[in-house]
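Please read the structure below before turning to the comments.
Along the sequence shown, residues are numbered consecutively beginning with 1.
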Amino acid sequence: MSDTGALVTTVDPARQPKLAWRPVVAIAAVAVVVHLVVATRYGWHRDEFYYVITGRHPAWGYVDQPPLTPLLARWAAALPGGVLPLRVLAIACQAGCVLLGAKLAAEFGGGARAQAIAAGATAASVAFVAASVLFGTTVTDQLIWAAMFVAVARALRLRTTAAWSAAGLIGGIGLENKDTVAVLLLGVAIGLLVWHRDALRTPGPWLAGAVACLLAVPNVVWDARHGWPNLAMAQVLGDRTGGPLGALAQLPLLPLLAGPPLVVLCVLGVRRLGREPRHRWALVVVATAIVVFTAGGGKPYYPAPALIALFAAGAVRAEATTRTRLRWPAVIVVSGLIAILIGYPILPPRAENSVRVLNPTVMETVGWPEFVDQVKTAAAGLPAGTPILTSNYGEAGALTILDGPANPVFSGQNAYSDWGPPAGTPDTVLCVGEFKLPYLQRFWSDVRRLEPITMPNGVANQETDQHAAIYECRQPHGTWAQLWPSLKHYD
């Protein structure tokens, strides 16, 4: 086929695109096996502790997230195997994205080769590989975005109420998982308004919107009753990024997240979607995600799930225009190797520490058992039942889940702030984490620094970066109830 012209796909809307199961499942299986090899090579991530503990406090929402991922984490953590069940869930999400990437290519009119390229690109993308190294809202959010792209493409092809209802169901579930799905739905709505007004004259899209909104109601009600802490949290995160200018400065990281060798495929995807009127709505979603997240000071990985649409569309164009069969497999393999180096815990901790600047996430899974032992030793010298106050949820979660001291553990960070304080007066408290001496002296007159938090093998993480330490605090300036409002913090 010529590389000129609009490359408009002539696909019978009533015919179900055939999925090339063999190559696609083979690619997903390879991704799963590679993930499983290193799934528990290091240990828990601080966020995984937090999701499990949050799930043990069932609610329709929390200050920093809706309830779905914490509930799944709680369920997985109840199974034997420590952190492995959570990692299996994360790997399953990535495998789902691989399959859905191929399915989206089929919806865009791609054959077996295009589907294999789309599946391979998703499996080899830095954004998707790095997210699936641990279980959390990022990897589940990617699965929701992938499913939503497929559902909308299918609904526009079939034009049935049932197909649109499925899209609404996926959107509603996504809203109970991460608030960023609202941007995805906004992009879909704009795309339909601009390029598919005929679809808006049917009840399907409106029913889908109603279903999504209905499923989101419990979380919205929770947020409203608690004073919209999710908005306050978003503001804090935006400020940490540096606002819109900071997000704009970090936008060049998006090609790195895609995988540098796959940038060409993304460019082909933009061209394909721009020249295919039936699928331009997907390009609108990509643009909406980039614009909204940048304007809101979002992190650079927030729009990354939209890459799956560019991979799928780019694969269709590559299938139609590329004559050599070796080019794209080679590109995908190179991208996969880069993603493994950046996202996987494949190196010894000391060596991994040297590439931490590329992805600090991996090093946040090292050293938690040693941290717990350090705190247990310090707590052993204090009266039985002395409460432990940590600076963040990772420290609190590690002490709770990894057989820490029998002392009660509290934290003022994020959702933990809603579960405290204990009753009575904090006469003696072991304060652990990224506290500074002047800060603790605002609450206790007698503050003694016992020892710094150290990590094994000379590795670095958030605790060592922030000079975390263990403090013994006495002579409080009030009761827990009086001090707690000032000890609470969102970050």
Test side chain to side chain contact (heavy atoms under 4.5 Å, CB included) applied to Q65 and Y50, step by step: CA-CA 11 Å; Q65 62 196 317; Y50 183 51; 3.5 Å; yes
When you look at F128 and V98, which way does the side chain to side chain contact (heavy atoms under 4.5 Å, CB included) test go after all the steps? CA-CA 9 Å; F128 288 88; V98 171; over 6 Å; no
Pair listing, salt bridge (charged side-chain N to carboxylate O under 4.0 Å, His left out) test, anchored in residues 446-464, at least two apart: R46-E463, R448-E472
Selection residues 48-64 - residue pairs positive for salt bridge (charged side-chain N to carboxylate O under 4.0 Å, His left out), sequence neighbours left out: E48-R87
Could you list the residues that satisfy ring pair (Phe, Tyr, Trp, His ring centres under 6.0 Å) with [X], not counting sequence neighbours?
X    : result
W222 : H226
Y344 : H35
F410 : none

Non-hydrogen atoms of A130 and N359 that approach each other most closely: CB-ND2, 4.5 Å
Quick check: closest heavy atoms across I388 and P405, and the distance to 0.1 Å? CD1-CG, 3.6 Å
Could you tell me whether the side chain of [Y] reaches within less than 4.5 Å of the side chain of [X], counting heavy atoms only?
X    : Y    : result
P476 : Q482 : no
L207 : W164 : no
E176 : P67  : yes
V181 : W145 : yes
L86  : W44  : yes

For residues 281-295, which side-chain N or O atoms pair as donor and acceptor with protein atoms under 3.5 Å away, sequence neighbours left out?
unit_1	atom_1	unit_2	atom_2	d
T288	OG1	V284	O	2.7
T294	OG1	I290	O	2.6

The test is side chain to side chain contact (heavy atoms under 4.5 Å, CB included); show your working for F443 and F435 and say whether it passes. CA-CA 12 Å; F443 308 101; F435 297 117; over 6 Å; no
Applying side chain to side chain contact (heavy atoms under 4.5 Å, CB included), name anything that partners V372, two or more places apart in sequence or on another chain. K376, A398, L399, L402
Where do M148 and L185 land on the side chain to side chain contact (heavy atoms under 4.5 Å, CB included) test, with the steps shown first? CA-CA 9 Å; M148 193 66 181; L185 299 182; 3.4 Å; yes
Less than 3.5 Å apart, which donor and acceptor atoms pair up between the side chains of residues 227-255 and the rest of the protein, not counting sequence neighbours?
unit_1	atom_1	unit_2	atom_2	d
N230	ND2	D223	OD2	3.3
Q235	NE2	D239	OD1	2.8
Q235	NE2	D239	OD2	3.4
T241	OG1	L237	O	3.0
T241	OG1	G297	O	3.2

Output all residues satisfying salt bridge (charged side-chain N to carboxylate O under 4.0 Å, His left out) with R74, sequence neighbours left out; order by chain, then residue number. none
Got a sec, which residues hit salt bridge (charged side-chain N to carboxylate O under 4.0 Å, His left out) with R442, two or more places apart in sequence or on another chain? none
Hydrogens and angles aside, do Q462 and E434 bring a side-chain donor and acceptor to less than 3.5 Å of each other? yes
Side chains of N407 and T386: is there a donor and an acceptor less than 3.5 Å apart? no
Could you note down all residue pairs passing ring pair (Phe, Tyr, Trp, His ring centres under 6.0 Å) where residues 346-378 supplies at least one of them, sequence neighbours left out? F49-W368, W368-F371
Listing, residues 415-431 side-chain donor-acceptor contacts under 3.5 Å, not counting sequence neighbours, or none:
unit_1	atom_1	unit_2	atom_2	d
S417	OG	N414	O	2.5
T428	OG1	R474	NH1	2.9

So with a 6.0 Å cut-off around CH2 of W484, is the heavy-atom count from everything else above 12? yes
